[in-house]
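What follows is a short report on a single structure.
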Amino acid sequence: MRGIELAVIATALALLGPASAAPNACGSIKGFTLSLTPVEEGYLLPMAVAGTPRTFLLETEAAYSKLDEAVAAELKLPLKDVPSFMEVKDTHGLFAKIATAPTIGLGPIVRHKAEFLIGAHRAGWGIAVGVVGANFFYGLDEELDLGHNRLGLYLPRDCPFTPFWPAEVYGEATMVVEPTGGFHMPMRLDGHAIEVRVTSSEKRTYMPLSAAHILYGIEKGDPALVPIGMRDTGEALYRYPFKALIGGDKVTIENPEIFIYENKDHQCGG
């Protein structure tokens with residue numbers, strides 16, 4: 001399981017035809033699918049920048065798309081400073097510049113004057129030149145079908161919910177979109193209500209030890225807490241035999257593979 005792998009709905013800016021579907025046009029879905037390539041770092045997505053094909057990582061939880069500063073220089077993209085009242089960073093440092101591409105292309109979608117945060121290439125990107133975040137998906141319904149490694153982008157419809165992909169069995173679970181573009185799900189894990197952040201770029205599903213202690217009384221040294229090495233970010237990593245992760249009334253993951261990491265703050269947890 002990479003992060004929490006579920007079909008999701010988000011949004012994007014694009015031109016696929018009429019601005020909206022007619023109320024009775026529920027049988028006509030206007031959209032397309034893009035192939036994803038699963039790799040160690042996440043899922044690779046093809047996208048053209050200034051007419052040049054490039055490979056990006058899909059980051060469902062990222063509010064803004066990011067680009068390697070060397071690629072921005074190669075394509076001669078104009079730069080500007082990140083506004084002084086903002087500080088945008090990750091575990092590898094700051095993104096101090098914004099580049100504007102004349103166009104980006106996602107399949108038949110062409111968006112003009114598309115903006116990227118610019119920084120040095122991150123080790124977590126692998127062979128990708130950056131990440132595609134929520135700002136390029138504004139205005140569309142997004143279907144992340146990880147069972148078939150594809151991303152569907154569709155015009156919104158004023159219709160009762162039906163899955164865009166055919167399936168004999170499916171369940172529904174509530175998702176909450178955050179102001180930053182990411183989203184989370186209220187779920188239950190072994191009888192406790194939790195909030196689960198959905199991410200496509202984590203290799204595993206994690207819980208901090210502080211949260212595990214607050215919710216389940218799990219402490220370092222618990223015989224059920226099995227050490228399995230270190231997380232990429234340096235924290236000690238453990239397995240714990242959780243029984244069931246439940247979302248909505250039909251989505252149940254039995255014996256979920258959730259890894260507990262030893263965070264420094266032992267009073268608070270996400």
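What you see is a predicted model; the values in this text were computed from it and never measured.
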**Request:** State, yes or no, whether a side-chain contact exists between V251 and L245 at a heavy-atom distance under 4.5 Å.
**Result:** no
**Message:** Which residues pass the ring-ring contact (aromatic ring centres under 6.0 Å, His included) test with Y216, not counting sequence neighbours?
**Reply:** H192, F242
**Asked** Are L144 and F32 connected in a single hydrophobic cluster, I mean Ile/Leu/Val/Met/Phe/Trp/Tyr linked by side-chain heavy atoms less than 4.5 Å apart?
**Response** yes
**Request:** Quick one: list whatever passes side chain to side chain contact (heavy atoms under 4.5 Å, CB included) with P53, sequence neighbours left out.
**Result:** none
**Asked** Once you round to the nearest 0.5 Å, how far does CG of L79 lie from CD1 of I118?
**Response** 6.5 Å
**Message:** I need the L34 CG to N149 CG distance, nearest 0.5 Å.
**Reply:** 13.0 Å
**Asked** Which pairs pass salt bridge (Lys or Arg N to Asp or Glu O under 4.0 Å) with one or both residues in residues 219-228, sequence neighbours excluded?
**Response** K220-E262
**Message:** By the salt bridge (Lys or Arg N to Asp or Glu O under 4.0 Å) test, which pairs, at least two apart or in different chains, include something from residues 64-74?
**Reply:** R54-E74
**Asked** Is the charged tip of R239 near the ring of F259: under 6.0 Å from the six-membered ring centre and within 45° of its axis?
**Response** yes
**Complete:** Distance col, row L153:CG vs I109:CD1, nearest 0.5 angstrom, shows 5.0 Å
**Asked** Among pairs that include at least one residue of residues 114-132, which meet side-chain hydrogen bond (donor to acceptor under 3.5 Å, both in side chains), considering only residues two or more places apart or in two chains?
**Response** Y64-E115, K80-E115, D90-R122
**Message:** Could you measure the distance from the CG atom of L225 to the CG atom of L237? Nearest 0.5 Å is fine.
**Reply:** 9.5 Å
**Prompt:** Which value, rounded to the nearest 0.5 Å, describes the distance between I253 atom CD1 and L189 atom CG?
**Reply:** 10.0 Å
**Verify same cluster id: I194, Y261 (apolar side-chain graph, 4.5 Å)** = no
**Asked** CG/L57 to CG/L45 distance, rounded to the nearest 0.5 angstrom?
**Response** 9.5 Å
**Message:** According to side-chain hydrogen bond (donor to acceptor under 3.5 Å, both in side chains), does anything in residues 93-103 pair up with another residue at least two apart or in another chain? List the pairs.
**Reply:** D81-K97
**Prompt:** Is the charged tip of R111 near the ring of F136: under 6.0 Å from the six-membered ring centre and within 45° of its axis?
**Reply:** no
**Request:** State yes or no: do V198 and Y206 share one hydrophobic cluster built from I, L, V, M, F, W and Y residues joined by side-chain heavy-atom distances below 4.5 Å, directly or via other members?
**Result:** no
**Request:** Please determine if D145 and R150 form a salt bridge, counting it only when a charged side-chain N lies under 4.0 Å from a carboxylate O.
**Result:** yes
**Complete:** Sorted by chain and residue number, the side chain to side chain contact (heavy atoms under 4.5 Å, CB included) partners of P46 (sequence neighbours excluded) come out as none
**Prompt:** Between F116 and F95, is the gap from one ring center to the other below 6.0 Å?
**Reply:** no
**Request:** Sequence neighbours left out, what passes salt bridge (charged side-chain N to carboxylate O under 4.0 Å, His left out) with R188? Give chain and number order.
**Result:** none
